[in-house]
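Working notes for the structure below.
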Amino acid sequence: MKCKKCGGPAVVNMRQHRLALCGEHFLEWFVAQTERTIEKHGMFEADDRVLVAVSGGKDSLALWDVLLQLGYDIDALYINLGVDDHRYSEESKVRVERFAADREGAAFQVVDVRRTYGRSVPELARERRGRKVCSLCGLVKRHIMNRVACEGGFAAVATGHNLDDEAAVLFQNVLHWQTGYLSRQAPVLPATHPRLARKVKPFFRAYERDTAAYALLRGIDYIYDECPYSRGATSIFYKELLNQLEARSRGAKQQFYLSFLQAREQEGFLSAPRDGLELRECEECGQPTSAPGMCAFCRLWETPQG
Ligand code: AMP
Ligand code: ZN
Ligand code: ZN
């Protein structure tokens with residue numbers, strides 16, 4: 001297979017785009033494609049300050065790398081959740097530190113959950129038997145990302161979610177017809193409240209395989225293992241299913257997700273969020289919440305009854 005740009009040997013074949021490229025031209029294409037996505041969806045402007053949430057995995061480190069190359073004003077945030085007796089989290093953090101040490105202008109901050117709030121996420125889960133680590137983890141990450149972005153005056157929080165991530169979530173939401181989640185699943189979530197940061201996913205069009213190729217070709221050292229708590233997670237199973245579909249029908253994964261985004265633009269596809277779902281401010285932390293009193297995050301740290 002030959003590179004479409006230069007005729008040299010291709011190293012990446014993106015069947016969904018009917019495009020094969022050599023390493024050099026793939027890297028160039030990938031960066032340009034991300035820039036087009038950012039601009040087309042008005043994710044942020046050239047002079048905005050953007051917070052990139054980095055996990056130490058391939059997607060978020062690749063995103064950080066691309067945004068730095070594009071010259072955006074970037075700060076990164078690593079949240080130390082204390083996973084696997086801190087082993088997994090420490091190893092992830094090392095990847096973030098190494099990445100930053102290798103690059104000029106790559107600044108990051110760390111929020112250590114246990115140090116800041118008193119307990120790590122697995123400790124919290126043990127205390128709240130019946131709550132899954134992954135759902136607690138998601139809640140904690142969302143809260144901290146939002147807090148850091150608002151306090152720091154960032155225009156947006158960017159995460160490394162790729163098309164495979166988004167398609168798997170869509171699949172799950174459709175299987176259960178979770179219309180509330182469906183209406184909120186988008187590559188750009190606007191700030192609908194002064195204390196709610198805009199959330200953007202600049203890689204939402206990129207196949208996971210291609211973000212991995214990007215990280216590999218750029219020599220990014222990332223944490224290869226999935227989080228130990230995600231082993232056997234349904235989201236991984238859904239990704240496998242969608243990949244089987246993709247193998248039979250080129251571009252099916254992309255079609256599934258991008259057509260959803262198109263459909264949701266049509267009036268009446270999903271009804272507007274219910275009136276009366278008004279946001280108030282959490283009496284503890286001030287972040288917006290639909291619950292009366294404290295937000296779900298702040299309630300986590302109260303001593304459980306019984
Ligand atoms: P995940 O939910 O683990 O698939 O991660 C999705 C995205 O959330 C990643 O691409 C990162 O942008 C962000 N993220 C995940 N874990 C962390 C973390 N520990 N600290 C900061 N950002 C994270
Ligand atoms: Zn080429
Ligand atoms: Zn709160």
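One-based numbering, in listed order, for ligands and for the atoms of each. Residue numbers start at 1 and run along the sequence shown.
- Centroid-to-centroid, the aromatic rings of Phe108 and Tyr78 stay 6.0 Å apart or farther.
- Side chains of Asp75 and Gln109: a donor-acceptor N/O pair is absent below 3.5 angstrom, by distance only.
- The nearest pair of heavy atoms linking His86 to Asn80 is ND1-OD1, 4.3 Å.
- Taking every heavy atom of Leu77 and a limit of under 4.0 angstrom, the matching atoms of ligand 1 come to 21 (C).
- In terms of protein heavy atoms, atom 6 (C) of ligand 1 is closest to His161 NE2, 3.3 Å.
- Relative to atom 2 (O) of ligand 1, the option among Lys141, Met145, Lys93, Lys201 with the closest non-hydrogen atom is Lys141.
- When every heavy atom of Val50 is checked against every heavy atom of Phe154, the shortest pair comes out as C-CD2, 3.5 Å.
- In this structure, Arg95 forms no cation-pi arrangement with Tyr222, as its terminal cationic atom is not both closer than 6.0 Å to the ring centre and no more than 45° off the ring axis.
- For the 3.5 Å distance criterion, the side chains of Gln16 and Asp210 qualify, holding a donor opposite an acceptor.
- Counting only heavy atoms of the protein, atom 23 (C) of ligand 1 lies nearest to Ser55 CB, 3.8 Å.
- Residues Gln172 and Tyr181 bring no donor and acceptor atom of their side chains to less than 3.5 Å of each other.
- Put simply, the side chain of Lys5 does not reach to within 4.5 Å of the side chain of Glu24, judged on heavy atoms.
- Residues Ala62 and Thr211 come closest through the heavy atom pair CB-O, 4.4 Å.
- With a cut-off of 2.8 Å, the Zn ion (ligand 3) has no N, O or S atom of His143 in range.
- The single protein non-hydrogen atom nearest to atom 21 (C) of ligand 1 is Val54 O, 3.1 Å, given as residue, atom name and distance.
- Residue contact check: Thr159 has heavy atoms under 4.0 Å from atoms 12 (O) of ligand 1.
- Summary of contacts: the protein heavy atom closest to atom 12 (O) of ligand 1 is Ala53 O, 2.5 Å.
- Proximity of the aromatic rings of Tyr117 and Phe297 is defined here by a centroid distance below 6.0 angstrom, and this criterion is met.
- Looking at Leu81 next to ligand 1, no N or O pair under 3.5 Å apart turns up.
- Using a 4.0 Å cutoff on heavy atoms, Asp165 does not count as a contact of ligand 1.
- Checked by atom type, the side-chain pair Gln69/Asp65 shows a donor-acceptor distance below 3.5 Å.
- In this structure, Phe30 has its ring center under 6.0 Å from that of Phe203.
- Those atoms of ligand 1 that come under 4.0 Å of a heavy atom in Ser60, given as number and element, are 10 (O), 11 (C), 12 (O).
- When only non-hydrogen protein atoms are considered, atom 9 (C) of ligand 1 lies nearest to Gly160 N, 3.9 Å.
- At least one N/O-N/O distance between Ile79 and ligand 1 falls below 3.5 Å.
- Around the Zn ion (ligand 2), the protein contributes the following N, O or S atoms under 2.8 Å, ordered by chain and number: Cys3 SG, Cys6 SG, Cys22 SG, His25 ND1.
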